[in-house]
Amino acid sequence: MTNQFLTIAHSGTHEFEIKKSKFIANVKRVNNEAEAKLFIEEISATHKKANHNCFAYLIGENDNIQRESDNGEPSGTAGVPILEVLKNNQLHDTIIVVTRYFGGIKLGAGGLIRAYSNSASQVIESVGIVEKLLQTQVVLTVAYSLNDKLQYYLKENGFQISKVDYGSEVKITTAALTSELENFKTNITNLLAGKVNIKTKDERYFEVPYHKQTKRRLTQNG
């Protein structure tokens, strides 16, 4: 299981026109190739009068499934540019279908490559990118005298506190990157001089907004 990867924040559509040709890009997350094919069929049915419904997608932990199609455009002018945009943005489990309604003016090979590439880039920009981080839920139990110190440390270091239970002791539920879990436990233990009970629970993916320009997540934890 991959500890972290990038994908789109949500599905979306973006449209622009160049030399009277209309380009409509649709993007969606997909978990497998069957979902990708169904999405292509849906878009093609919606735009059955369009001249072309070109697409590309990357699926799998190591992008082991990569497909692209020019759908009647000159070879290499549509599917490949869309696929390259997905790769350049390091997106996974994502499909883009770009529909073209021909406006009567030929764009040439270079123009088509730019148009399909721009269309794919713009739809990604419109929906945004998230980083999916594999995190493990952690319950930290401490005495009341250590509660403020622990909560301050967690908040200052970007760890989200999802729940606090006040009983005979304080139980704080948070989450840490699975890949950094042992370091997290060591840091907490050192911080509180061992006066803490640490219990790990389920692990799951948390989504964090991702800043494409700086190639970094906006917050440390989901």
Side-chain angles (χ1 to χ4, degrees), residues 5-132 207-218:
F5 64 91
L6 302 180
T7 189
I8 56 167
H10 54 81
S11 299
T13 302
H14 184 272
E15 178 180 328
F16 82 102
E17 186 175 308
I18 179 171
K19 293 185 178 180
K20 297 185 179 180
S21 280
K22 184 188 297 183
F23 291 85
I24 306 169
N26 284 274
V27 64
K28 184 180 181 180
R29 289 189 198 177
V30 284
N31 296 309
N32 51 59
E33 193 161 20
E35 289 184 7
K37 290 180 177 179
L38 180 60
F39 185 62
I40 295 166
E41 290 175 4
E42 290 172 350
I43 298 300
S44 297
T46 299
H47 297 285
K48 57 187 176 182
K49 292 185 179 180
N51 300 89
H52 310 280
N53 286 291
C54 308
F55 65 81
Y57 54 84
L58 295 169
I59 301 172
E61 187 170 314
N62 298 304
D63 296 332
N64 50 300
I65 300 176
Q66 300 185 21
R67 303 284 186 268
E68 52 82 15
S69 171
D70 296 311
N71 192 231
E73 293 282 30
S75 179
T77 62
V80 170
I82 299 170
L83 185 63
E84 287 303 308
V85 169
L86 289 172
K87 290 181 176 180
N88 290 339
N89 283 277
Q90 301 175 7
L91 298 180
H92 301 271
D93 296 341
T94 303
I95 180 171
I96 296 177
V97 181
V98 179
T99 299
R100 182 192 182 194
Y101 286 90
F102 181 54
I105 300 175
K106 293 184 178 181
L107 301 180
L112 286 172
I113 291 170
R114 287 189 294 274
Y116 280 100
S117 179
N118 288 339
S119 186
S121 296
Q122 289 172 21
V123 75
I124 290 170
E125 184 175 352
S126 72
V127 299
I129 296 174
V130 294
E131 185 170 19
K132 297 195 74 170
E207 294 185 5
V208 178
Y210 191 82
H211 199 294
K212 186 171 64 173
Q213 281 72 32
T214 58
K215 300 294 184 185
R216 62 178 176 82
R217 67 185 74 118
L218 296 181

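On a predicted model such as this, the values are computed, not experimentally measured, just so you know.
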To the nearest 0.5 angstrom, please state how far the [atom1] atom of [X] sits from the [atom2] atom of [Y].
X: N89; Y: L6; atom1: CG; atom2: CG; result: 8.5 Å
X: N26; Y: S119; atom1: CG; atom2: OG; result: 9.0 Å
X: L83; Y: E68; atom1: CG; atom2: CD; result: 6.5 Å
X: I124; Y: I82; atom1: CD1; atom2: CD1; result: 10.0 Å

Going by ring pair (Phe, Tyr, Trp, His ring centres under 6.0 Å), name the residues that satisfy it together with F102, two or more places apart in sequence or in a different chain. none
Please name all residues satisfying ring pair (Phe, Tyr, Trp, His ring centres under 6.0 Å) with H52, sequence neighbours left out, ordered by chain then number. none
If every non-hydrogen atom of [X] is compared with every non-hydrogen atom of [Y], which pair is closest and at what distance?
X: A50; Y: T99; value: CB-CG2, 3.3 Å
X: A115; Y: I18; value: CB-CG2, 4.4 Å
X: G103; Y: S21; value: N-OG, 3.0 Å
X: V123; Y: S126; value: O-OG, 2.7 Å

Under 3.5 Å: donor-acceptor pair, side chain of [X], backbone of [Y]:
X: N62; Y: N64; answer: no
X: S117; Y: R114; answer: no
X: S69; Y: G79; answer: no

Please assess F55 against N71 for the test side-chain contact (heavy atoms from CB on, under 4.5 Å), listing each intermediate value before the final yes or no. CA-CA 8 Å; F55 65 81; N71 192 231; 5.9 Å; no
Residues in side chain to side chain donor-acceptor pair (under 3.5 Å) contact with [X], at least two apart in sequence or another chain:
X: K106; result: none
X: D93; result: none
X: D63; result: H92
X: R67; result: E33

Could you work out, with side-chain contact (heavy atoms from CB on, under 4.5 Å) as the rule, every residue matching [X], not counting sequence neighbours?
X: S44; value: I40, N53
X: T46; value: none
X: V30; value: E35, A36, I59, I95

Output all residues satisfying salt bridge (Lys or Arg N to Asp or Glu O under 4.0 Å) with [X], sequence neighbours left out; order by chain, then residue number.
X: E73; value: R100
X: K22; value: E15
X: E41; value: none

Pair R29 + E207: basic N to acidic O under 4.0 Å: yes
Quick check: do L58 and L91 have side-chain heavy atoms less than 4.5 Å from each other? no
For residues S75 and D70, determine if any side-chain heavy atom of one lies less than 4.5 Å from a side-chain heavy atom of the other. yes
What do the steps show when you test V85 against Y116 for side-chain contact (heavy atoms from CB on, under 4.5 Å), and what is the final call? CA-CA 9 Å; V85 169; Y116 280 100; over 6 Å; no
For the pair V208 and Y210, evaluate side-chain contact (heavy atoms from CB on, under 4.5 Å) and give the outcome as yes or no after the intermediate values. CA-CA 6 Å; V208 178; Y210 191 82; over 6 Å; no
